[in-house]
Amino acid sequence: PEYVQDGIADLGIVGVNVIVETGANVSYLQKLGFGKCSLTVVIPILSTMGIQVCPVPTAVLSTHTGEFENYKFIDLTSYLTDYINHWKSLNLHFDCIYTGFLGSPKQAEIISDFIKYFKEDNQLVVIDPVLGDDGKLYSSIDNNMVKEMEKLIEYADIITPNPTEACILTGENYKEGKLTIENAKEYLSKLSLLGPSNVIITSIADRTNKKIGWVAAYDKKTNSFWKTSYKKVEVNYPGTGDIFTSVLTGSLLNGYSIPASMDIAAKFVSYCIKITMAHGYPTRDGVFLEKALDKLLTTPQSFNYEAF
């Protein structure tokens, strides 16, 4: 907060944690609003993991777009160029660029330029291609946005689509049970052809065991596939995809491998859901993140992933 007071920063965000000013600098491009998703989970998670977050809000929503009606959407596209130009004038450097929700197709073009301008050797670029879920596009997303997202992910080192987004990006119509762990390699390989060197698909079903779900990853450079399982619950909370990608990114920046980071992220999402259900927290508000953050301060003792 004192940086804003002294005119050093244009924007300050204080959530459940004071941003930890040690570790890597992360430029994060995302939306704001009520309901535990996007920046409202990204900042506290990465801060708890010892990573400084430098946010670039792409839109401000009064709530997330699921289970809320008449929400207000403020598109910040017209402000982004000036915002980013200021950063360019400061000659900033980032260890990672991580982007999620985008408010308009034009923003994808602006973010592409951002990545190209700030790109450095050994920098991590993570893109969560937020497009839809449960077989349909989110209400604020259209086909033009899909086309621009296809172009944007060319610049990614890692993308983290859910099954709906994986099908959309590969030009297929999603239906329940279409993408399962049994055919996940096919989709991981197809998505890698769009540019990213690593692809991670979340929330994958299992045809033979309905009680578990999977997260699967593919490293194009080494032609390696990994997967990790988790126990499914019959409830959906908004923002869990944002939580997964944030913990994944933080783990990678803290030196863990892709499969280990994937496992850490999947376990943390499951832990958040368990705590939330125990407290009877309203589903549409997202997970009870504040009660789970301390889990990120513990060092993992083991990992549960396998090659396939």
Side-chain angles (χ1 to χ4, degrees), residues 26-43 45-46 53 55-68 71 73-77 80 96-112 114-115 125-170 174 179 187 191 194-196 199-204 215 236-249 265 269 284 286-287:
V26 175
S27 174
Y28 185 70
L29 305 108
Q30 189 57 285
K31 65 180 181 180
L32 299 165
F34 176 79
K36 304 270 179 56
C37 63
S38 301
L39 277 177
T40 57
V41 301
V42 174
I43 292 176
I45 285 172
L46 289 174
V53 183
V56 181
T58 57
V60 177
L61 282 78
S62 56
T63 67
H64 60 73
T65 61
E67 296 188 51
F68 287 100
Y71 61 85
F73 182 105
I74 302 174
D75 186 349
L76 299 179
T77 303
L80 277 181
C96 172
I97 298 174
Y98 164 23
T99 181
F101 177 89
L102 297 177
S104 69
K106 179 64 177 176
Q107 287 188 0
E109 297 179 29
I110 296 172
I111 300 314
S112 295
F114 182 98
I115 293 172
V125 178
V126 180
I127 296 179
D128 184 4
V130 179
L131 295 171
D133 202 0
D134 297 324
K136 59 185 179 181
L137 296 174
Y138 293 127
S139 58
S140 59
I141 303 295
D142 59 19
N143 289 328
N144 290 329
M145 186 68 249
V146 173
K147 293 178 181 178
E148 293 302 323
M149 185 62 74
E150 291 173 354
K151 298 176 184 176
L152 179 61
I153 63 176
E154 293 179 17
Y155 301 101
D157 295 310
I158 299 175
I159 61 171
T160 58
N162 60 36
T164 296
E165 291 158 346
C167 287
I168 291 171
L169 290 169
T170 54
Y174 173 84
L179 197 170
Y187 287 90
L191 287 165
L194 298 177
V199 179
I200 299 174
I201 302 178
T202 64
S203 307
I204 302 174
V215 179
N236 293 316
Y237 291 96
T240 51
D242 299 321
I243 292 171
F244 175 88
T245 304
S246 298
V247 176
L248 172 83
T249 301
V269 171
R284 71 174 188 175
V287 300

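In this text the structure is predicted, and so the values were computed from the model without any measurement.
Under a 3.5 Å cut-off, the side chain of S140 and the backbone N or O of G103 do not form any donor-acceptor pair.
Atom CD1 of I45 and atom CG of L39 lie 11.5 Å apart (nearest 0.5 Å). Note: I201 CD1 to L179 CG = 5.0 Å, rounded to the nearest 0.5 Å. Atom CG in L194 sits 6.5 Å away from atom CG in L169 (nearest 0.5 Å). Within the model, atoms CZ of F101 and CD of Q107 stand 7.5 Å from one another, a figure rounded to the nearest 0.5 Å. For the atom pair OG1 (T99) and CD1 (I159), the distance works out to 13.0 Å, reported to the nearest 0.5 Å.
Nearest heavy-atom pair across V41 and G239 is CG2-O, 4.5 Å. Across all their heavy atoms, P163 and S203 have their closest contact at CG-O, 3.2 Å. Among all heavy-atom pairs drawn from I141 and L102, the shortest one is CD1-O, 4.3 Å. Summarising the geometry of A166 relative to P161, their closest heavy-atom pair is N-CB, 3.9 Å, with the distance given to 0.1 Å. Residue D128 comes nearest to G241 through the heavy atom pair OD2-O, 4.1 Å, listed as atom of the first residue, atom of the second, then distance. Of all heavy-atom pairs spanning G100 and V130, the tightest one is C-CG2, 3.8 Å.
Listed by first then second residue, pairs satisfying salt bridge (charged side-chain N to carboxylate O under 4.0 Å, His left out) with a partner in residues 137-165 read K119-D157, E148-K151, not counting sequence neighbours.
Partners of Y187 under the side chain to side chain donor-acceptor pair (under 3.5 Å) rule, at least two apart in sequence or in another chain, are E172. Every residue meeting the side chain to side chain donor-acceptor pair (under 3.5 Å) condition with T245, not counting sequence neighbours, appears here in chain and number order: T160. In this structure K136 satisfies the salt bridge (Lys or Arg N to Asp or Glu O under 4.0 Å) test with no other residue, sequence neighbours excluded. Contacts of T164 classified as side-chain contact (heavy atoms from CB on, under 4.5 Å), with partners at least two apart in sequence or in another chain: D133, N162, I168, Y174. Applying the side chain to side chain donor-acceptor pair (under 3.5 Å) test to S104 and every residue at least two apart in sequence or in another chain returns T77.
Looking at L137 and N143, their side chains come closer than 4.5 Å, going by heavy atoms from C-beta outward. Using a 4.5 Å cut-off on side-chain heavy atoms (C-beta onward), Y98 and L46 make contact. When side chains are defined from C-beta on, L76 does not count as touching T58, because their heavy atoms never get closer than 4.5 Å.
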- Item | I111 vs I127, side chain to side chain contact (heavy atoms under 4.5 Å, CB included): CA-CA, chis, key distance, verdict | CA-CA 11 Å; I111 300 314; I127 296 179; over 6 Å; no
- Derivation and outcome, side chain to side chain contact (heavy atoms under 4.5 Å, CB included), residues F114 and L80: CA-CA 10 Å; F114 182 98; L80 277 181; over 6 Å; no
- Message: Determine whether I200 and F244 satisfy the following criterion, side chain to side chain contact (heavy atoms under 4.5 Å, CB included), listing intermediate values before the conclusion.
- Response: CA-CA 11 Å; I200 299 174; F244 175 88; 4.0 Å; yes
